[in-house]
J.: 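Got a structure here, written out as C-alpha cells. Questions coming.
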Amino acid sequence: MGNTTAKAKVEAAASVKWRRRARFVRSRTREVLKIGKALVSTKHPFLVHIIPMRRCNLDCGYCNEYDDVSKPVPLEEMKRRLDLLADMGTSMITISGGEPLMHPELEEVIRHMRKRGIYAGMITNGFLLSKERIAKLNDAGLEFLQISIDNVTPDEVSKKSLKTLDSRLEWLSQYAVFQVNINSVLGSGVKNPEDALTIAKRAVELGFTSTVGIIHDGEGQLKGLNPRQIEIFEEIMSMGKSSFSRFNDFQHNVARGKEHNWRCRSGSRYLYVCEDGLVHWCSQQRGYPGIPLDQYTTEMRHREYYVEKYCAPKCTVSCVQQVGILDNWRGKQTLKPKPMAQPPVPAAAQLVQIGAPGRGNS
C-alpha cells in the first residue's frame with residue numbers, strides 16, 4: 001500500500017465533475033453566508049454534531065464514542081431534533097457516531113437537514129460505503145464527508161487503514177459529488193507516524209482535501225508529538241488547500257503539547273447532541289449539561305457562551321476550536337459551570353469529565 005504511484009489513475013465521469021463543481025459552488029456560497037451571519041450575530045449555534053446511532057461496526061482501541069448494542073434513533077425523532085436545531089438558527093450540522101452509515105434511514109436524515117436549509121456534513125469510518133450508497137448520499141444532498149484513516153495497514157488498535165479503505169476512496173473520487181476530506185492521524189497509539197504522510201499524499205492524489213488530527217490518550221489528555229511526528233504534521237498541514245481550520249495556531253500548539261488560549265463556545269455556538277437527545281459541551285464532555293434538546297433554552301445557550309471552560313487550554317477537539325475562531329475576539333467569559341445535576345435521561349456511554357480540573361479534553 002505504500003507505493004500508491006503504481007495505481008491506475010482514477011477519473012470521474014464528466015457528468016460527475018459537473019455536478020461536483022455545481023454542488024461545491026452552492027455549498028461554499030452557503031458556507032460563506034453562514035460565516036457572515038455568525039460574525040454579525042452570536043445568538044444561534046453555528047455547528048452541531050448530532051448522533052443518530054451510537055453503535056459502530058468497528059472497535060478502535062483509542063475511541064470512547066461508540067458501543068455495539070445501541071439501536072438507531074427513529075427517523076421521526078431525528079427529524080424532530082433537526083427541526084428544533086433549525087428553529088434555533090443552526091447553520092451547520094455534522095452527523096457523527098458511532099457509525100452513522102449503520103442508520104437505515106440516514107439519507108432521509110440528510111434530506112431533512114437540507115430541506116431546513118442546514119449545511120449537511122458527516123463523519124464516517126467509510127467501511128459501509130459502496131457505489132450505490134455514494135449515489136444515495138449524492139441524491140440526499142450531502143455536502144461534506146470526512147473519513148479518518150489511522151494507518152496504512154490494520155493493526156490491533158485500528159482497522160481504519162488505507163489498505164482496507166483504498167477501494168472505497170477510489171469510488172468516492174469517481175462518484176461522489178460532495179466534498180471529501182481525509183483526516184490522517186498522529187499521536188497516542190499510532191505505531192508508524194510515516195503512515196500519516198502516505199495517507200495524506202494518497203488523499204491529495206485522489207482529489208480530496210487532507211487534514212491531520214492528533215489522537216488523545218484514553219482519557220482525552222493532550223499529548224505533544226515527538227520531533228519527527230512534528231515534521232510530518234507540518235508537511236501534511238502544508239499540503240493541499242488552505243481552510244478555515246488553519247486561520248490560527250491551534251493545531252500547531254496541540255502538536256507541541258502547548259496550552260492554547262482561546263474562548264470555547266461549546267454549549268452555545270457549538271452543541272453536541274447525543275443519541276438520547278441530550279445537549280453536551282462536546283464528545284469528550286458527555287454528561288454536561290446533559291439537558292434534553294427540547295428543554296435547552298435560548299437563555300441556557302446565552303449563558304454557556306460566557307462560561308469559561310476549564311478544559312479549553314488542553315482541548316484537542318479541532319472542530320469546536322474552529323467555531324471558537326468566530327468569537328475569540330469578543331464576549332469575555334466570566335461565568336463558571338453550574339453544579340451538575342443528574343441527567344433526566346441516562347446517556348449511553350457517558351463520559352463525564354466536567355468538574356475534574358486539570359484534565360484534558362479531546
Side-chain angles (χ1 to χ4, degrees), residues 23 26-38 41-54 65 72-103 105-124 136-148 178-181 183 243-245 265-283 286 291-294 296 298 301 304 317-326:
R23 183 162 300 182
R26 287 196 302 269
S27 297
R28 183 52 59 89
T29 300
R30 292 173 65 235
E31 184 180 5
V32 170
L33 291 173
K34 290 178 184 299
I35 290 172
K37 176 185 174 183
S41 172
T42 64
K43 296 181 180 180
H44 62 281
F46 182 75
L47 174 64
V48 173
H49 272 84
I50 193 165
I51 312 301
M53 189 158 192
R54 180 64 62 185
E65 298 182 45
V73 179
L75 176 61
E76 290 308 310
E77 176 59 21
M78 282 300 301
K79 287 183 176 181
R80 188 183 76 87
R81 294 174 188 177
L82 293 174
D83 286 339
L84 289 168
L85 291 168
D87 291 344
M88 291 179 186
T90 301
S91 296
M92 302 181 177
I93 294 180
T94 297
I95 302 170
S96 188
E99 175 45 54
L101 286 173
M102 293 185 73
H103 196 287
E105 297 177 286
L106 177 68
E107 286 76 16
E108 288 304 314
V109 174
I110 294 169
R111 195 168 278 110
H112 194 72
M113 289 166 59
R114 291 300 308 274
K115 180 181 178 182
R116 292 302 311 261
I118 297 170
Y119 186 100
M122 180 171 68
I123 298 173
T124 172
K136 290 180 180 179
L137 293 171
N138 286 340
D139 293 342
L142 185 68
E143 296 175 90
F144 174 83
L145 179 144
Q146 177 168 296
I147 299 175
S148 183
F178 43 84
Q179 181 185 353
V180 176
N181 182 72
N183 187 66
S243 70
F244 183 53
S245 64
R265 307 296 180 173
S266 61
S268 177
R269 302 284 260 170
Y270 171 90
L271 305 179
Y272 180 94
V273 181
C274 73
E275 68 277 21
D276 293 320
L278 306 180
V279 176
H280 310 272
W281 272 358
C282 68
S283 66
R286 298 197 301 277
I291 295 171
L293 180 61
D294 57 6
Y296 201 63
T298 301
R301 295 201 316 272
E304 290 298 332
V317 187
S318 61
C319 56
V320 184
Q321 200 279 336
Q322 289 163 30
V323 173
I325 293 173
L326 296 166

J.: Could you tell me if the side chain of Leu271 sits less than 4.5 Å from the side chain of Met88, heavy atoms only?
T.: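 Yes, at least one pair of side-chain atoms sits under 4.5 Å.
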J.: Look only at the side chain of Ser268 and the backbone of Arg301, and say whether a donor-acceptor pair between them is shorter than 3.5 Å.
T.: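 Yes, Ser268 side chain to Arg301 backbone: donor-acceptor pair under 3.5 Å.
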J.: Between Arg114 and Glu143, does at least one N-O distance fall below 4.0 Å, as a salt bridge requires?
T.: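 Yes, this pair counts.
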J.: Quick check for you: to the nearest 0.5 Å, what is the distance between Arg111 atom CZ and Asp139 atom CG?
T.: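 Nearest 0.5 Å value for the CZ-CG distance: 7.0 Å.
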J.: Under 4.5 Å between any side-chain heavy atoms of Asp83 and His112, yes or no?
T.: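 A side-chain contact exists here, since the closest heavy-atom pair is under 4.5 Å.
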J.: Between CE of Met113 and CG of Leu85, what distance do you get to the nearest 0.5 Å?
T.: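 Going from CE on Met113 over to CG on Leu85, the span is 9.5 Å.
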J.: I'd like to know if Arg28 pairs up with Glu31 as an ion pair, taking the criterion as any Lys NZ or Arg NE/NH1/NH2 lying under 4.0 Å from an Asp or Glu carboxylate oxygen.
T.: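 A salt bridge links Arg28 with Glu31.
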J.: Tell me whether Arg23 contacts the main-chain N or O of Asn138 through its side chain, where contact means a donor paired with an acceptor under 3.5 Å.
T.: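 Confirmed, Arg23 side chain pairs with Asn138 backbone.
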J.: How many angstroms lie between atom CG of Asp294 and atom CG of Leu278, to the nearest 0.5 angstrom?
T.: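 Reported value, rounded in 0.5 Å steps: 9.5 Å.
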J.: Between CG of Leu137 and CG of Leu145, what distance do you get to the nearest 0.5 Å?
T.: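 Reported to 0.5 Å precision, the distance equals 7.0 Å.
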J.: With no hydrogens and no angle check, do the side chains of Thr124 and Glu99 hold a donor and an acceptor under 3.5 Å apart?
T.: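 Yes, a side-chain donor-acceptor pair sits under 3.5 Å.
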J.: Taking NZ, NE, NH1 and NH2 as the nitrogens, is one of them in Asp87 or Arg116 under 4.0 Å from a carboxylate oxygen of the other?
T.: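 Arg116 and Asp87: salt-bridged.
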J.: Do any N or O atoms from the side chain of Arg30 and from the backbone of Ser91 form a donor-acceptor pair under 3.5 angstrom?
T.: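 Between the backbone of Ser91 and the side chain of Arg30 there is no qualifying donor-acceptor contact (under 3.5 Å).
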J.: Which atoms form the tightest heavy-atom contact between Ser266 and Val320, and what is the distance?
T.: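 Looking at all heavy atoms of both residues, the shortest contact is CB-CG1, 4.2 Å.
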J.: Please report the shortest heavy-atom distance between Ile95 and Pro100, naming the atom on each side.
T.: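 Nearest pair, atom of Ile95 first, then Pro100: CG2-CB, 3.6 Å.
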J.: Measuring from atom CD1 of Ile123 to atom OG of Ser283, what distance do you get when rounded to the nearest 0.5 angstrom?
T.: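 Result: 9.0 Å between the selected atoms.
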J.: Which heavy atom of Ala86 sits nearest a heavy atom of Ile118, and at what distance?
T.: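 Closest approach of Ala86 to Ile118, heavy atoms only: CB-CD1, 3.9 Å.
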J.: For the pair Glu275 and Arg54, find out whether any cationic side-chain nitrogen is under 4.0 Å from an anionic carboxylate oxygen.
T.: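 Looking at Arg54 together with Glu275, the answer is yes, because their closest N to O distance falls below 4.0 Å.
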J.: Any idea which heavy atoms bring Phe144 and Phe178 closest together, and the distance?
T.: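 Phe144 and Phe178 have their closest heavy atoms at N-CB, 4.2 Å.
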J.: Can you see which heavy atom on Asp276 is nearest to which on Arg81, and at what distance?
T.: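 Closest approach of Asp276 to Arg81, heavy atoms only: C-NH2, 3.5 Å.
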J.: Just distance, no hydrogens or angles: give the donor-acceptor pairs under 3.5 Å from side chains in residues 43-51, sequence neighbours left out.
T.:
residue : atom : partner : partner atom : Å
His49   : ND1  : Tyr270  : OH           : 3.0

J.: Measure across Ser96 and Pro52 and return the closest heavy-atom pair with its distance rounded to 0.1 Å.
T.: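 Nearest heavy atoms, Ser96 then Pro52: O-CD, 3.1 Å.
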J.: Do the non-hydrogen side-chain atoms of Leu101 and Met122 ever get within less than 4.5 Å of each other?
T.: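 In contact.
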J.: To the nearest 0.5 Å, what is the distance between CG (Leu326) and OG (Ser41)?
T.: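 These two atoms lie 11.0 Å from each other.
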